[in-house]
Amino acid sequence: MRLFVAAELPAEMLEALSETSAALRSTVRGRYVAPDRFHVTLAFLGEVPGSLVADVISAVEQGCEGHASMCASLGALGSFGRARSATLWQSINTGDSLPALARDVRESLRVKGFSMDEKSFLAHVTLMRAADLSQAVLPMPVVEKGTIDTVTVFKSDLSGPHPVYTPLERILLEDVEPVSF
Ligand code: ATP
Ligand code: MG
């Protein structure tokens, strides 16, 4: 089955991303990601035999060990690919917390023998695919902050008219240590 590992976002950030997506609808043509599928991919595994799913989950759990839930904020819009057929995204700022989590999750999966896409991690939420940015004047993105506390192993099914992501396991990051004076 097709697997990927992603950080999920709190409701207030999902709401802001939905508002940005709605604002883009009037200016950019392309394929919009439905708001209930917004996520931050940490590792893309692709096809993995069903018999190894439990090993993937335990590797991701180990990779998350020692990582606390983190403050995150939405940032600027950015894109990958060609201007007429781009992937359009909004960045996620956490300082080094999310890159460090992605690094450790990937490393833990690698140690267990899983291979994955090796593109360097750039924290973002994809809002559109095949976006025509050649003429578009992009709106200002809506910004919001919140706490990221969940890492999820998703199964992705691309056989239907739109991708269907099914959470196989949700891993809760440790609570942030209370600050003591
Ligand atoms: P579709 O491919 O139909 O547009 P999708 O990209 O949402 O749908 P998947 O291709 O299963 O669904 O991807 C799941 C997640 O993994 C998405 O966040 C996607 O951007 C990311 N992803 C997919 N392929 C790769 C890849 N080769 N490298 C890195 N991330 C990837
Ligand atoms: Mg894809």
Side-chain angles (χ1 to χ4, degrees), residues 1-11 13-14 16-18 20-22 24-25 28-50 52-53 55-57 59-60 63-64 70 72 74-94 97-133 141 146 148-171 173:
M1 57 184 83
R2 186 179 176 94
L3 298 184
F4 68 101
V5 182
E8 296 195 65
L9 296 167
M13 291 176 82
L14 294 175
L17 288 159
S18 305
T20 301
S21 176
L24 285 166
R25 265 168 210 271
V28 186
R29 266 180 314 192
R31 268 193 304 131
Y32 285 85
V33 175
D36 61 354
R37 289 195 283 277
F38 291 153
H39 63 274
V40 188
T41 303
L42 301 178
F44 177 76
L45 290 155
E47 283 300 321
V48 172
L52 297 182
V53 169
D55 293 346
V56 167
I57 290 170
V60 174
C64 290
M70 61 192 82
L74 296 172
L77 295 177
S79 66
F80 299 133
R82 292 169 291 133
R84 284 179 195 280
S85 184
T87 297
L88 180 66
W89 43 262
Q90 191 164 358
S91 68
I92 305 286
N93 305 318
T94 63
S97 303
L98 203 53
L101 177 62
R103 185 193 61 221
D104 287 352
V105 165
R106 290 176 178 201
E107 180 59 20
S108 176
L109 284 162
R110 230 176 268 124
V111 165
K112 289 270 170 65
F114 294 104
S115 56
M116 72 214 76
D117 185 88
E118 295 292 347
K119 279 196 288 289
S120 62
F121 177 71
L122 195 151
H124 70 277
V125 177
T126 298
L127 298 176
M128 291 185 73
R129 295 202 165 81
D132 183 357
L133 304 178
I148 293 179
D149 63 6
T150 308
V151 172
T152 303
V153 178
F154 282 104
K155 177 174 111 171
S156 174
D157 178 359
L158 302 183
S159 62
H162 55 74
V164 176
Y165 304 153
T166 308
L168 301 179
E169 187 76 20
R170 288 199 156 96
I171 298 150
L173 300 172

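Throughout, residue positions are numbered sequentially from 1 according to the sequence presented. Quantities reported herein were computed from a predicted structural model and do not represent experimental measurements. All heavy atoms count here, side chains included; hydrogens, waters and symmetry mates do not. Indexing begins at 1, ligand by ligand and atom by atom, following the structure's order.
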Handout entry: Main-chain N/O of Ala59 paired to Ser108 side chain as donor or acceptor, under 3.5 Å
Key = yes

Problem - Closest protein heavy atom (residue, atom, distance) for atom 27 (N) of ligand 1 - result: Asp117 OD1, 3.3 Å

Handout entry: Any donor-acceptor N/O pair, Gln90 side chain to His124 backbone, under 3.5 Å
Key = no

Exercise for the section: Report the relative orientation of the aromatic rings in His39 and Phe154; use parallel for angles under 30°, tilted for 30 to 60°, perpendicular for over 60°. Expected result: tilted

Exercise for the section: Please determine if Asp132 and Arg29 form a salt bridge, counting it only when a charged side-chain N lies under 4.0 Å from a carboxylate O. Expected result: yes

Exercise for the section: Among all protein heavy atoms, pick the one closest to atom 7 (O) of ligand 1 and tell me residue, atom and distance. Expected result: Tyr165 OH, 2.3 Å

Practice task
Any atoms of ligand 1 less than 4.0 Å from a non-hydrogen atom of Pro163? List them with their elements.
Solution key: 7 (O), 8 (O)

Practice task
Determine whether more than 12 heavy atoms belonging to other residues, nucleotides or ligands lie under 6.0 Å from atom CZ of Arg110.
Solution key: yes

Handout entry: Contact partition for Arg37 relative to ligand 1, non-hydrogen atoms under 4.0 Å
Key = neither

Problem - Proximal ligand 1 atoms for Arg31, defined as those under 4.0 Å from one of its heavy atoms - result: 4 (O)

Practice task
Return the residue, atom name and 0.1 Å-rounded distance of the protein heavy atom closest to atom 20 (O) of ligand 1.
Solution key: Arg129 NH2, 3.1 Å

Exercise for the section: With heavy atoms under 4.0 Å as the rule, classify the contact between Phe154 and ligand 1 as side chain, backbone, both or neither. Expected result: neither

Handout entry: contact_flag Thr126 ligand 1 heavy-atom lt 4.0 Å
Key = no

Problem - Closest protein heavy atom to atom 10 (O) of ligand 1, given as residue, atom name and distance to 0.1 Å - result: Arg2 NH2, 2.5 Å

Completion exercise
The reported gap from CG in Leu98 to CE in Met70 (rounded to nearest 0.5 angstrom) is 5.0 Å

Exercise for the section: Please name the residue in the list Leu88, Leu24, Leu127, Thr126 that meets the side-chain contact (heavy atoms from CB on, under 4.5 Å) test with Tyr32. Expected result: Leu24

Problem - Shortest protein contact, atom 30 (N) of ligand 1 (heavy atom only) - result: Phe44 CB, 3.5 Å

Problem - Atoms of ligand 1 close to Ser156 [distance to a heavy atom under 4.0 angstrom, numbered from 1] - result: 9 (P), 11 (O), 12 (O)

Exercise for the section: Quick one: look up the protein heavy atom nearest atom 2 (O) of ligand 1 and list residue, atom name and how far away it is. Expected result: Leu158 CD1, 4.0 Å

Handout entry: ligand 1 N/O within reach of His39 N/O, cut-off under 3.5 Å
Key = yes

Handout entry: Salt bridge Glu8-Arg170, side-chain N to carboxylate O under 4.0 Å
Key = yes

Exercise for the section: Report yes if the side chains of Phe4 and Leu42 come closer than 4.5 Å at any heavy-atom pair, otherwise no. Expected result: no

